[in-house]
*Asks:* 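Questions regarding the structure given below will be posed in turn.
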There are 2 protein chains.
Amino acid sequence: MGRLNADDWARAALDALAEGGLAAVAVEPVAVRLGVSKGSFYWHFPNRQALVEAALERWEAETEAVIAGLERLRDPVERMRVLMERAFGDGRDAAISFRLISEVDDAVTGAGSSGVGAVVRRVSERRLAYIRAALEEAGQAPEEAARRALAAYAGYLGLAALARIGVAADGAGHLADLAMAELGLPSRSV
Amino acid sequence: MGRLNADDWARAALDALAEGGLAAVAVEPVAVRLGVSKGSFYWHFPNRQALVEAALERWEAETEAVIAGLERLRDPVERMRVLMERAFGDGRDAAISFRLISEVDDAVTGAGSSGVGAVVRRVSERRLAYIRAALEEAGQAPEEAARRALAAYAGYLGLAALARIGVAADGAGHLADLAMAELGLPSRSV
DNA sequence: ATCCTTCCATACGCCAGCGTATAGTCCCTT
DNA sequence: AAGGGACTATACGCTGGCGTATGGAAGGAT
């Protein structure tokens, strides 16, 4: 592992975030993870805050990438099925999402000092809006779509949390089917 | 606020936990919250770990108290309705629950150094088992009851998370009805 | 071959929180 | 009133993480 660039640090920071939460996105620990000293870090970034922001940026970009990938599917039901299977198959994103939300700066909705709140809120809304849109495209009334999207995404977050402590068995396909049912969509091709 | 006892500290620690997560259950900050210096703390407790455990103990006891209260209701459907209204009306317990889960010691399922994992797992299972039992008593098949209980509790956690960042409007009664539907139970007296 | 840019290591000062030691203060008992 | 137990304040050393300063190495350009 030769020289590093800012992106290597951002990637490692996101990994640390998934594993240990925001507190783990710390300069010295991540430096150890990269087998390097923090002297390297302060070359690429001005401070720790910038590292956190870089990790969040990557996370947000991943959401956009997933959505962009789904857009190639014409059938909204198919899009949701692929999304659910992907969502419940991974676990990494759910871990990040959940941790981020729970660690949003103490001031509940207020403009947190670190700006984490804004990103988390933006990404959450984006995902909900995307699911809502797909459900409406599939023929559901706006109100019903909103309700189901919220229930499904909340379930996604909660399930990830429970899976993390080993309470919910994380059978991938099984959970995806359950989520599809909650969305009011058929699990297999009509 | 005269002299303090260990219970005062435990109560304050649980408050801190609800607001700022495990990291906020720190000796000096809680001392400030109590308007006292940490000299007091180390008289009542041997170390910080003991304070965390005391807070967790209180939290677990609250769960048992709620269950004990529900047991006075004969109809399982009624029990669940009261539980859901209480659950979605408060928000404090949900905040504690999902923060605790998300902050369980980095080693995912492993025996965490602080023992937080064990308590969280125990409480989560207890709640799920209680809901499952009520659903079965209400006539649902074991498998269905397990599925619905899990979905409802996961939704509870996720919704609390989303409400925290202001994404899900937290209309109390509305959410309770939604949860009852997810449990496959009627929202109002038959 | 030398220089300059890029990247990294080491050493330092700083702060917050943990835990300890020590010296109180208040109140209750006798 | 004197003594002792219950509770608290203050001061200290220690650790981990932040940020700075400074001095290299490594490799391409000339």
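Worth knowing before you read on, the calculation uses all heavy atoms, side chains too, and leaves out hydrogens, waters and symmetry mates.
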*Asks:* How many Å lie between CZ on F45(A) and C1' on dC18(D), as a whole number?
*Replies:*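 To the nearest whole Å, that distance equals 16 Å.
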*Asks:* For the pair made of CZ in R48(B) and C1' in dA16(C), what is the distance, rounded to whole Å?
*Replies:* 13 Å
*Asks:* By nearest nucleotide on DNA chain C, pick out whichever of E28(B) and S40(A) is the more 5' one.
*Replies:*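 That would be S40(A).
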*Asks:* dT8(D), OP1 or OP2 - any side-chain N/O from H44(B) closer than 4.0 Å?
*Replies:* yes
*Asks:* Quick one: do D8(A) and R3(A) make a salt bridge, cutoff under 4.0 Å?
*Replies:* no
*Asks:* Of all the choices, dC18(C), dC8(C), dC18(D), which nucleotide is nearest to the side chain of A26(B) once you look at every atom?
*Replies:*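 Out of dC18(C), dC8(C), dC18(D), the nucleotide with an atom closest to A26(B)'s side chain is dC18(C).
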*Asks:* If you apply the rule salt bridge (charged side-chain N to carboxylate O under 4.0 Å, His left out), what do you find for D93(B) with R127(B), and how did you get there?
*Replies:* CA-CA 12 Å; D93(B) 172 82; R127(B) 292 175 175 187; 2.7 Å; yes
*Asks:* Could you work out which one of dT8(D), dA9(C), dC18(C) sits closest to the side chain of S37(B)?
*Replies:* dT8(D)
*Asks:* Round to a whole Å and report the spacing from CZ of F41(A) to P of dC8(C).
*Replies:* 13 Å
*Asks:* Y42(A) has an atom OH; how far is it from atom P of dG19(D), in whole Å?
*Replies:*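 Rounded to the whole Å, the gap is 4 Å.
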*Asks:* Grab the CH2-C1' distance between W9(B) and dT8(D) for me, whole Å please.
*Replies:* 10 Å
*Asks:* Return the nearest nucleotide to the side chain of P29(B); candidates are dC12(D), dG19(D), dG17(C).
*Replies:* dG17(C)
*Asks:* With distance as the sole test, does R74(B) use its side chain to make a donor-acceptor pair with the main-chain N or O of R79(B) at under 3.5 Å?
*Replies:* no
*Asks:* Rounded to whole Å, how long is the line connecting atom CH2 of W43(A) with atom P of dA21(D)?
*Replies:* 15 Å
*Asks:* Which whole-number value in Å describes the distance from R3(B) CZ to dC26(C) C1'?
*Replies:*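 Going from CZ in R3(B) over to C1' in dC26(C) covers 5 Å.
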*Asks:* Measure from CG on L4(A) to C1' on dA26(D) and round the result to the nearest Å.
*Replies:* 14 Å
*Asks:* Charged N to carboxylate O under 4.0 angstrom, R148(A) versus E144(A)?
*Replies:* yes
